[in-house]
Amino acid sequence: MTNQCEIQAALKTWRDGLVGLTRQSALVKFRAPKTSSLLIDTPSPDEVLTRLQSGTPQAFRGEVSLGDPDAPKPLPPSTLFHTPRPDSEVGPVVRNLMRRAQAEFLDRGLAVLYVAFGILDWRDVDGTEMVSPLLLVPVQLIPEGPKGTPRITEGEDDPVLNPALALRLKEFGIDLPTAEDIEGLSVTDTLAAVKSTLEKNETFVGWTLRETTYLG
């Protein structure tokens with residue numbers, strides 16, 4: 001029995017190291033850093049996903065002060081994603097994300113840039129409050145010149161439910177839907193499927209699933 005416990009502990013440590021299941025992982029404890037994440041509040045999550053999958057690049061636009069002489073020219077609402085942050089902050093954030101994503105791809109061949117739909121507020125086994133994104137849609141940013149704000153379109157890989165969160169929730173006896181289960185579903189339907197799965201487990205009491213959209 002002792003050897004079996006030791007083996008299980010060793011396997012858990014090895015698995016955690018491979019998948020990034022610790023609380024330092026943004027997939028397990030998302031902190032929405034100001035310089036490398038962007039909340040999208042318009043359009044709705046379903047519309048954001050539809051536009052990404054259309055292949056038509058979308059612009060970003062933040063809050064613009066009335067009478068601002070440096071305000072960007074208006075764009076049709078159907079061609080942009082809006083964030084509640086000041087528009088002057090949007091360009092630097094998106095360019096930073098693009099540089100970091102390009103560097104990661106060149107260094108390690110990994111696509112790490114996603115639009116995350118839905119946030120699960122949950123408690124770990126020791127009661128620690130956790131914040132984890134749910135549906136991850138790979139995206140790519142298209143440069144618009146040295147000072148321009150890159151535009152966004154869908155990446156090459158398929159949407160997935162947060163794999164690190166899926167493994168962590170197995171510790172509670174919760175199995176999230178598979179990629180096949182959510183294929184072709186809207187964001188609303190995907191989050192509803194996740195919530196239905198969570199509600200079948202008594203651990204879900206006190207947990208919250210929020211409909212939010214982040215680029216990060």
Side-chain angles (χ1 to χ4, degrees), residues 18-21 25-33 36-60 78-83 93-94 97-98 100-102 104-105 108-122 130-142 150-170 174-200 204 207-216:
L18 284 178
V19 187
L21 303 180
S25 170
L27 291 178
V28 175
K29 196 167 186 179
F30 181 62
R31 297 173 176 82
S36 57
S37 68
L38 200 66
L39 173 65
I40 299 172
D41 64 355
T42 306
S44 69
D46 285 338
E47 180 67 16
V48 170
L49 180 59
T50 297
R51 291 194 200 176
L52 288 174
Q53 294 177 333
S54 73
T56 301
Q58 299 288 304
F60 292 98
S78 60
T79 65
L80 61 85
F81 293 156
H82 180 269
T83 176
V93 170
V94 180
L97 281 167
M98 183 176 67
R100 293 180 61 180
Q102 289 174 339
E104 193 73 14
F105 186 78
R108 301 200 293 168
L110 296 177
V112 297
L113 190 63
Y114 293 88
V115 167
F117 295 98
I119 292 289
L120 179 65
D121 299 298
W122 57 289
M130 311 296 280
V131 180
S132 303
L134 285 166
L135 178 64
L136 305 176
V137 177
V139 294
Q140 56 183 332
L141 294 170
I142 303 170
R151 294 179 296 161
I152 186 173
T153 188
E154 188 180 33
E156 295 180 357
D157 296 326
D158 295 328
V160 295
L161 286 176
N162 183 342
L165 178 62
L167 285 174
R168 288 299 306 271
L169 292 186
K170 282 184 178 293
I174 299 172
D175 291 312
L176 291 182
T178 65
E180 291 75 18
D181 294 332
I182 65 170
E183 185 176 0
L185 295 183
S186 65
V187 175
T188 298
D189 290 341
T190 298
L191 297 184
V194 171
K195 187 173 183 179
S196 176
T197 298
L198 294 172
E199 287 177 337
K200 295 175 183 177
F204 184 63
W207 294 10
T208 304
L209 195 159
R210 293 182 278 138
E211 288 193 8
T212 59
T213 306
Y214 275 97
L215 170 67

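Every value quoted in this text rests on a predicted model; they were computed, and no experiment measured them.
- Just one of Asp46, Ile40, Leu38, Leu39 meets the side chain to side chain contact (heavy atoms under 4.5 Å, CB included) condition when paired with Thr213; it is Ile40.
- Phe117 is listed as a side-chain neighbour of Val115, based on a closest heavy-atom distance under 4.5 Å.
- In this structure, CG in Leu169 is found 10.5 Å from OG1 in Thr197, a value given to the nearest 0.5 Å.
- Tyr114 and Tyr214 have their aromatic ring centers separated by at least 6.0 angstrom.
- Across every non-hydrogen atom of Val112 and Ala101, the tightest pair is CG2-CA, 4.2 Å.
- Atom CH2 of Trp122 sits about 9.0 Å away from atom CD1 of Ile174, to the nearest 0.5 Å.
- Among all heavy-atom pairs drawn from Leu136 and Asn162, the shortest one is CD1-CA, 3.9 Å.
- Between atom OG1 of residue Thr42 and atom CD of residue Glu47 there is a gap of 11.0 Å, rounded to the nearest 0.5 Å.
- Counting heavy atoms from C-beta on, the side chains of Thr188 and Ser44 never come closer than 4.5 Å.
- Put simply, the side chain of Asp121 reaches to within 4.5 Å of the side chain of Val131, judged on heavy atoms.
- In this structure, the separation between CG on Leu185 and OG1 on Thr190 is 4.5 Å, given to the nearest 0.5 Å.
- Contact between Pro177 and Ile182 at its shortest, heavy atoms only, is CB-CG2, 4.0 Å.
- We find the CG-CD1 distance between Leu215 and Ile152 to be 5.0 Å, quoted to the nearest 0.5 Å.
- Here the closest heavy-atom approach between residue Leu135 and residue Val187 is recorded as CD2-CG2, 4.3 Å.
- Leu134 places none of its side-chain heavy atoms less than 4.5 Å from the side chain of Ile119.
- No side-chain heavy atom of Lys29 sits under 4.5 Å from any side-chain heavy atom of Ser132.
- The two residues Leu27 and Ala164 have their closest heavy-atom pair at CB-CB, 3.9 Å.
- In terms of modelled atom types and a separation under 3.5 Å, the side chain of Gln140 and the main chain of Gly155 share no donor-acceptor contact.
- Other residues, nucleotides and ligands contribute at most 12 non-hydrogen atoms within 6.0 Å of the CD atom of Glu183.
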>> Set out, in order, the CA-CA distance, both residues' side-chain angles and the distance that settles side-chain contact (heavy atoms from CB on, under 4.5 Å) for Trp207 and Leu198, then state yes or no.
In response: CA-CA 9 Å; Trp207 294 10; Leu198 294 172; 4.3 Å; yes

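- The minimum heavy-atom distance linking Ala116 with Pro133 is given by the pair CB-CB, 3.7 Å.
- Between Leu120 and Leu165, the closest side-chain pair of non-hydrogen atoms falls below 4.5 Å.
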> Would Arg151 and Leu141 count as a side-chain contact (heavy atoms from CB on, under 4.5 Å) if you check the C-alpha gap in whole Å, the side-chain angles of each, and the deciding distance to 0.1 Å?
Replying inline: CA-CA 6 Å; Arg151 294 179 296 161; Leu141 294 170; over 6 Å; no

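- In this structure the side chain of Arg51 never reaches within 4.5 angstrom of the side chain of Leu49, judged on heavy atoms.
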> Thr153 and Leu52: side-chain contact (heavy atoms from CB on, under 4.5 Å), yes or no, with the steps?
Replying inline: CA-CA 5 Å; Thr153 188; Leu52 288 174; 5.6 Å; no

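- Note that the NZ atom of Lys195 and the CD atom of Glu211 stand 9.0 Å from one another [nearest 0.5 Å].
- No side-chain heavy atom of Val48 sits under 4.5 Å from any side-chain heavy atom of Val137.
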